[in-house]
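Structure record follows, encoded as structure tokens.
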Amino acid sequence: MEPENNLPDADGRAFARQKPSLGIVVPCYNEEEVLGETAARLKALVRGLLDSGVIRECRILFVDDGSIDATWQIVCDLHESDLLYAGLKLSRNRGHQNALLAGLMHAKSRYDAVVSLDADLQDDIGIIPDMLAAFQGGSDIVYAVRESRATDSFFKRTFSQGYYKVMEKLGSDVLYNHADYRLMSRRALCALSEFDEVNLFLRGLVRLVGYPSSVVYYKRAERYAGESKYPLGKMLSFAFEGISSFSTKPLKFVTIAGGASLCFPLSCSCTSSSSTRLAIRLPDGRASSFRCGFSAVSCCFPSASSVSTWERYTSR
């Protein structure tokens with residue numbers, strides 16, 4: 001069994017920096033309209049990186065966040081056609097952040113560097129060579145940051161800019177105009193896996209990891225096809241998660257309110273959430289575990305005995 005935090009020795013780390021193995025994690029939710037084009041563009045990019053010797057191997061991992069359309073079937077067909085593609089399927093919709101974390105935790109001990117990006121082709125995959133160059137130069141985390149929000153609607157642009165300003169005022173360390181398009185080294189992902197957060201806000205957690213980092217700027221494009229998976233309700237919920245998880249100001253407010261309640265009794269109720277440590281056994285026999293909120297996953301990966309191996313497992 002491969003150790004969960006399997007880090008190479010000094011010579012191995014130097015080699016991994018100069019010619020790394022690369023994982024690309026792509027969370028998907030009802031992306032049947034765009035997934036084929038996304039896969040084709042990523043494949044062309046990866047072939048170029050392999051042919052030029054920038055990387056020594058690569059796998060593109062699609063994580064299906066409980067889609068109700070043909071997304072998972074497309075992932076399976078891609079895997080059957082080319083072992084460059086692999087897939088994980090969550091048993092139900094758990095949200096973008098949980099799907100992304102599932103992919104990252106699967107990839108962390110298998111690749112020297114892992115790039116995460118959305119499936120909608122708004123993120124410019126053309127900067128991945130620049131991100132790899134920064135990794136080879138010593139960065140463990142490379143943030144892809146938008147140059148502007150010209151492609152956003154007026155409402156979304158205004159909401160996002162206001163959100164970042166509020167986060168800054170509340171003392172949160174969030175990189176302006178950065179979402180979840182980034183490269184992380186193996187050791188950075190291993191450090192990320194030590195967090196036991198349940199209400200995930202990865203762009204805040206990653207900033208807490210430390211290690212050398214750098215920024216690559218890009219122009220964000222229009223969505224290639226389909227609809228945005230972040231309507232107003234989800235945007236507000238995600239914003240609240242960030243504010244409540246990575247700022248001490250709300251905690252101070254609650255403390256003050258608690259003190260005031262000694263003089264002015266309040267009636268309140270609270271709920272508690274729990275997480276489940278998900279144990280994963282992969283087709284090649286290796287095992288991994290991490291804390292997350294979903295209960296079951298289907299996966300397709302190449303194995304020594306067959307082109308496609310299917311497993312279903314459930315956490316208890």
Side-chain angles (χ1 to χ4, degrees), residues 5-28 37-63 78 82-86 100-101 103-147 175 177-193 202-203 205-207 209-221:
N5 292 346
N6 184 30
L7 296 173
D9 57 21
D11 292 338
R13 286 195 297 270
F15 176 73
R17 283 281 179 186
Q18 296 308 310
K19 195 171 184 179
S21 58
L22 176 66
I24 300 177
V25 174
V26 187
C28 312
E37 182 66 20
T38 301
R41 293 191 191 184
L42 286 174
K43 180 177 180 178
L45 174 75
V46 168
R47 294 304 182 198
L49 293 172
L50 289 168
D51 292 343
S52 60
V54 175
I55 59 175
R56 68 177 186 274
E57 62 175 303
C58 183
R59 173 116 339 114
I60 300 168
L61 175 63
F62 294 106
V63 184
L78 288 168
D82 194 329
L83 296 184
L84 173 67
Y85 305 111
L100 177 55
L101 181 64
L104 293 176
M105 292 301 100
H106 168 74
K108 69 182 174 68
S109 60
R110 292 168 175 80
Y111 308 103
D112 302 315
V114 178
V115 171
S116 60
L117 73 159
D118 292 337
D120 56 16
L121 292 177
Q122 289 188 271
D123 297 328
D124 179 13
I125 65 173
I127 66 167
I128 289 180
D130 297 330
M131 299 170 79
L132 287 167
F135 169 75
Q136 291 168 335
S139 294
D140 283 282
I141 304 174
V142 184
Y143 299 99
V145 176
R146 297 173 61 169
E147 290 183 347
L175 189 60
N177 273 351
H178 166 71
D180 289 300
Y181 187 16
R182 68 180 73 89
L183 177 148
M184 297 184 72
S185 69
R186 182 182 305 203
R187 70 169 181 168
L189 286 171
C190 288
L192 179 65
S193 70
L202 288 175
R203 65 190 68 175
L205 280 178
V206 172
R207 296 286 283 176
V209 168
Y211 294 128
S213 64
S214 57
V215 172
V216 174
Y217 292 93
Y218 73 101
K219 293 182 180 179
R220 189 169 171 85

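Note that the numbering runs from 1 along the sequence shown for the chain.
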Is there a donor-acceptor pair under 3.5 Å between the side chain of Y85 and the backbone N or O of R59?
->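 No: the side chain of Y85 does not pair with the backbone of R59.
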
For [X], give me all partners under side chain to side chain contact (heavy atoms under 4.5 Å, CB included), at least two apart in sequence or on another chain.
X: Y211; result: D140, R187, A188, A191, V209
X: D118; result: P27, H96, D120, D123
X: S21; result: R56, E57, Y111, D112

Output all residues satisfying salt bridge (charged side-chain N to carboxylate O under 4.0 Å, His left out) with D82, sequence neighbours left out; order by chain, then residue number.
-> K43, R47

List for me each residue that meets salt bridge (charged side-chain N to carboxylate O under 4.0 Å, His left out) alongside D130, sequence neighbours excluded, and say none if there are none.
->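 Here no residue qualifies.
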
Identify the heavy atoms of [X] and [Y] that sit nearest to each other, and give their distance.
X: S116; Y: L104; result: CB-CD2, 4.3 Å
X: S109; Y: R186; result: O-NH1, 3.8 Å
X: M105; Y: L192; result: CE-CD2, 4.3 Å
X: F135; Y: S185; result: CE1-CB, 3.7 Å
X: C28; Y: A119; result: SG-CB, 4.1 Å
X: E147; Y: Y217; result: CG-CB, 3.8 Å

Measure the spacing between CG of L101 and NZ of K108 and express it to the nearest 0.5 Å.
->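 One gets 10.5 Å once the value is rounded to the nearest 0.5 Å.
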
Within-4.5 Å side-chain heavy-atom neighbours: [X] and [Y]:
X: R41; Y: L121; value: yes
X: L132; Y: L22; value: yes
X: V26; Y: L42; value: yes
X: Y143; Y: V206; value: yes
X: I24; Y: L117; value: yes
X: L45; Y: I128; value: yes
X: L49; Y: P129; value: yes
X: V114; Y: L183; value: no

Tell me, with the steps shown, if R182 and M184 meet side-chain contact (heavy atoms from CB on, under 4.5 Å).
-> CA-CA 7 Å; R182 68 180 73 89; M184 297 184 72; 3.9 Å; yes

Residues which pass side chain to side chain donor-acceptor pair (under 3.5 Å) with S139, listed by chain and number, not counting sequence neighbours | S214

side-chain contact (heavy atoms from CB on, under 4.5 Å) between F62 and L78, worked out = CA-CA 10 Å; F62 294 106; L78 288 168; 3.9 Å; yes

Evaluate the criterion side-chain contact (heavy atoms from CB on, under 4.5 Å) for residue pair I55 and L50; output intermediate values, then yes/no.
-> CA-CA 5 Å; I55 59 175; L50 289 168; 3.7 Å; yes

For the pair H106 and V25, evaluate side-chain contact (heavy atoms from CB on, under 4.5 Å) and give the outcome as yes or no after the intermediate values.
-> CA-CA 10 Å; H106 168 74; V25 174; over 6 Å; no

Within 45° of the six-membered ring axis of Y181 and under 6.0 Å from that ring's centre, is NZ or CZ of R220 located there?
->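 Ring-cation test returns no.
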
